[in-house]
Amino acid sequence: MSELRLGFPGNEKKVEVPASDGPAPWDLGTQLDVVGGDHPRLEAPLKVSGRARYSYDIRFPNLIYARLLGSPHAHAKVRKLDLSKAKAYPGVLYAEDLTRGGTVRYAGQAVAGLAAISEEVLADALSLIEVDYEVLPHVVSVEAALAKGAPTVKGRGGNAGRARVRGRKKRVEAAHKAADVVVDATYRTQVQTHSCLETHGCVAKWSGDQLTVWASTQGTFSVRRSIARALRIPGKNVRVITEHMGGGFGSKFGADVWDVFCCKAAKATKRPCRLMLDRAEEHLAGNRPDSIQRCKFSAKKDGTLLGAEVRSLGTGGVGGGAGVFNPGIYSFQATYSEHRDVATHASRARAFRAPRHPQGVFALEGMLDELAEKIGIDPLALRLKNDPHPVRQAQWKRGAKEIGWSRRKASGSGTGPLKRGFGLAGARWKHNGRPGSVVLVRISRDGTVEVRNGAQDIGSGARTLMATLVAEELGLQPSQIEVHLGDTRDPVGPASGGSTTSPSIAPPTREAAYEAKKALLAQAARALGVPADEAKGWGLRAGKLTGAKKALPFAKVCALLQTETVEASGRGEGSDFRLPRFAREVAGCQFAEVEVDVELGTVRVLKVVAVQDCGTVVNALTARSQINGAVIQGVSYALFEERLLDPGSGRQLNPGLLGYKILGSLDLPEIVSIPMSVANGITSTGVSSLGEPPAIPTAGAIANAVANAIGARVRSLPITPDKVLAALAAGEEEK
Amino acid sequence: MSTAYLKPASLEDAYTARAEHPDYVLLAGGTDYMVGILHRPAPVGVIDLFGLSALTGIEAGEGVLRIGAAATYAVVLTDATVSESFPSLRTCVSEIGATQIQARGTLGGNIGTSSPVGDTLPVLLALDAILELGSSRGTRKVAYAEFCTGYRQTLLKEDEVIVAIELPLPSPGVQFWRKVGTRKAQAISKVMVAASARGSGETLTDVRLAMGAVADRPIRLGAVEALLEGQVPSLELAEQVRAAVADAITPISDLRSTAPYRLRSAQNLAARFVLQRVEAQA
């Protein structure tokens, strides 16, 4: 047995763990040389100079192009689809009817695909496809879908799905009865599209029965599997490459209808084929579902939270996946929640950076602030009183200090047209590392170190993370390590979902480096004629051999190899993920300071402070980047983004970035990102999830800051100027 | 079908091309044309006036600043007279699009497109701009206040080209410009208000108040101007302005905003024009 010191300075916990023959787990007592430092992304020079090749950039001399034709109707039966004119158009090489089943259930749903020698030919030929539609009635909003006599989206039954119920109604009702204060309010959130900078799609190229796909994906192996299944070929015949990718956020896990079409077109024409969606199509390829949350929360006068009751609806279009993380985070005496997914004639929702959480936390934290307002207690004090998480307890205090929470005044008390406000919100996420990844580390006689894994870097900086872990183990700098990612010919790796990539890949990376080091030192000892027993205490640190008579530089140690290389695989086995945990979840919180123009209703977010636990911080620079990115997306969600569907036609009214506004650089607040290193246990590296949790609290914190500024509450996202003025006007009337 | 392209080398050539091809589109910086290219039918042809030297100069003359119709926003921003005498125009132009758009966009293009949400148009109304229109038949001058006749409709004749915009000097001592968009920059405006006044002491005279995105064309609010004329700014006057704006405009709801919001923010911005003077005097 050995002892591990978990937690963080100020809150430490000692646990006993069985000794293992793998690398000793890092804890609070470990002295780390490169882990935790600021390391620029290894691929940064490629990216900033335009040399990084994204799937979008892959071209071949005889490349052909493919596109799908979308239905103009939100709900229609395809009576007849005639491809003959399009096929006869000069330059068209391949065409396919995609109307399986014959019914389209959302505007833009693919009905046919074409491949041609150029994008111009494609554009012309697509207009020659003749489709005879029998247009059927449609519904694109939750309200319309629930109205009496509404057309049904999924055949039989109504549009409302079965209720997902948690908790007991009676208990929460009893809790409300004992309360001094009860708040009853309805919160709404909008549909947000992923808007990945690089749209979805791929380039496919066959060589005999071997298929190579350059996919823009967050799951190289999941694309390999789904393409093989769709084409009915063995997975080993499919190679998926994603060297760099321009964003996925949960929308790019498997092969889509367009990817499969692209592969088929390439096969049929024996030419490489490219199909990347345009922006309007990208808006159809997944979204964060909307929500309507009817909440009833109660508390005692002293701020003790009692009951939380939430009834929610949301639409994932023709798919599911709606729902809200509400209630949560805080200790209530009793909770009850009931959610129904409502089907509509809209494109399918997909996982989106912390699915269910941002929309739920927006309402949850709004409700808490409404309670605080009614009780007359500071919102921060209310959190501290009811937050059971030991890490977040420390984070609230740290964040409050950083934003200057003491400057917060009573809601709506400012004078003049520009009013300042402060708000906060919390987040939780699971430690989501998973076993099953394999990492190869190869040290060559010339002193070079390679690391290989077939997973993609979704943008978190996975290469640099792996290089840093290997560098720590080998006593080198991250820039000395060459990392190869994004090729399914290399060992298996995780799909980037649930913020699993770093926590899943870190343990096998460290293990592989550890084993390769052992092999290297064993050969070096043999070459130097040092008995194995004597070489047991040898190590590598600061570029040199340690513990030996001579502190040989790393390159000299490698030169002693009798074999060309030493290689080791780290396997992320289940046992690697079973260390005791400091806390069950990762914790985070954010504070926002805003300025609201009460004449125009415009909101300026001045500053966001984000304190986020992510277990061991491997690379502080990319960790801050992750948090910055999440906050940026969160501000955009809070104030700007909204997919608008036309009730009349069922089509998107703002397809493309001209109408679908994402925040611009001038709308950016000052962001103070504080990755908080917590020795969480979990695995030998203690690395935990980071990609999603900081995307959770931003909108909630901003909404609370706006309410504090203007003394009226906007319970609907995005917080647009018209809603701010309407809330102010409603507040005036109440007075 | 392809689009014909003409690039006149001189103003005379431009007039000739225009007379010969009245169905061709006049192209200045192309910032609107290029956005539309994906979803509007291609025109029969274009006459490209961008960079035509006769249209790109800016000169301060006797009682007037003359800005060539094809002078880019970037050039307008560097002009000393614009900076000194027309701060409302300068601010407005500096907030259009981003650097790339400012390097292409022109006042003449904005006027010719005549969108109800053209950013510079309310400012030109408030500054009492005069347009110089030219053709093979000669040139004529039209007050910009008369120029827009309906939704994207103007007095520009089939053979005419917008040559220059004249702004009277000395400029109004009081100038005001504010726009609200979905985000801080690179967004089509939800509402725009431009205003100007001359004044001796505290009294407002020669008041012009113009708005964009609240009607089918950029408009001046005559009734509100009349209300302000000869008045000393005060809190009460600001309230009266709010009421008068409500009587003067009937904005619509669309993708970018709602009618109630447009009305409320237009009222508040017009009132702000007055309140700004009150605060300046306080």
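Predicted model only: the values in this text are computed from it and were never measured. A note on names: the letters A, B, ... follow the listed sequences, proteins ahead of strands, and every chain is numbered from 1.
B/Val241 and B/Ala271 make their closest contact through CG1-N, 3.9 Å (heavy atoms, listed as atom of the first residue, atom of the second, distance). Heavy-atom minimum distance, A/Phe362 versus A/Ala703: CE1-CB, 3.5 Å. Of all non-hydrogen atoms in A/Val605 and A/Pro669, the two that sit nearest each other are O-CB, 3.2 Å. Taking each heavy atom of A/Asn287 and A/Ser347 in turn, the nearest pair found is ND2-O, 3.5 Å. Nearest heavy-atom pair, A/Gly416 versus A/Val598, reported as atom, atom and distance to 0.1 Å: O-CG2, 4.3 Å. In terms of heavy atoms, A/Val724 sits closest to A/Ile710 at CG1-CD1, 4.0 Å.
Side-chain contact check for A/Thr344 versus A/Leu645: every heavy-atom pair is 4.5 Å or farther apart.
B/Val191 does not touch chain A: none of its heavy atoms, backbone or side chain, sits under 4.5 Å away. At a 4.5 Å heavy-atom cutoff, the contact between A/Leu600 and chain B is made by backbone and side-chain atoms alike. Contacts between A/Leu639 and chain B at a heavy-atom distance below 4.5 Å are absent for every atom of the residue.
Residue with the most contacts toward chain B among A/Pro417, A/Pro721, A/Gly601: A/Pro721 (heavy-atom pairs, distance under 4.5 Å).
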For chain A and chain B, give me every donor-acceptor pair shorter than 3.5 Å, distances to one decimal.
unit_1	atom_1	unit_2	atom_2	d
A/Asp597	OD2	B/Arg178	NH2	3.4
A/Glu599	O	B/Asn268	ND2	2.6
A/Glu599	OE1	B/Arg272	NE	2.6
A/Glu599	OE2	B/Arg272	NE	3.1
A/Glu599	OE2	B/Arg272	NH2	3.0
A/Leu600	O	B/Tyr261	OH	2.4
A/Lys661	NZ	B/Gln186	O	3.4
A/Ile662	O	B/Arg183	NH1	2.3
A/Asp667	OD1	B/Lys184	N	2.8

Start with the C-alpha distance between A/His138 and A/His73, add both sets of side-chain angles, then the distance that settles side-chain contact (heavy atoms from CB on, under 4.5 Å), and finish with yes or no.
CA-CA 9 Å; A/His138 64 261; A/His73 307 293; over 6 Å; no
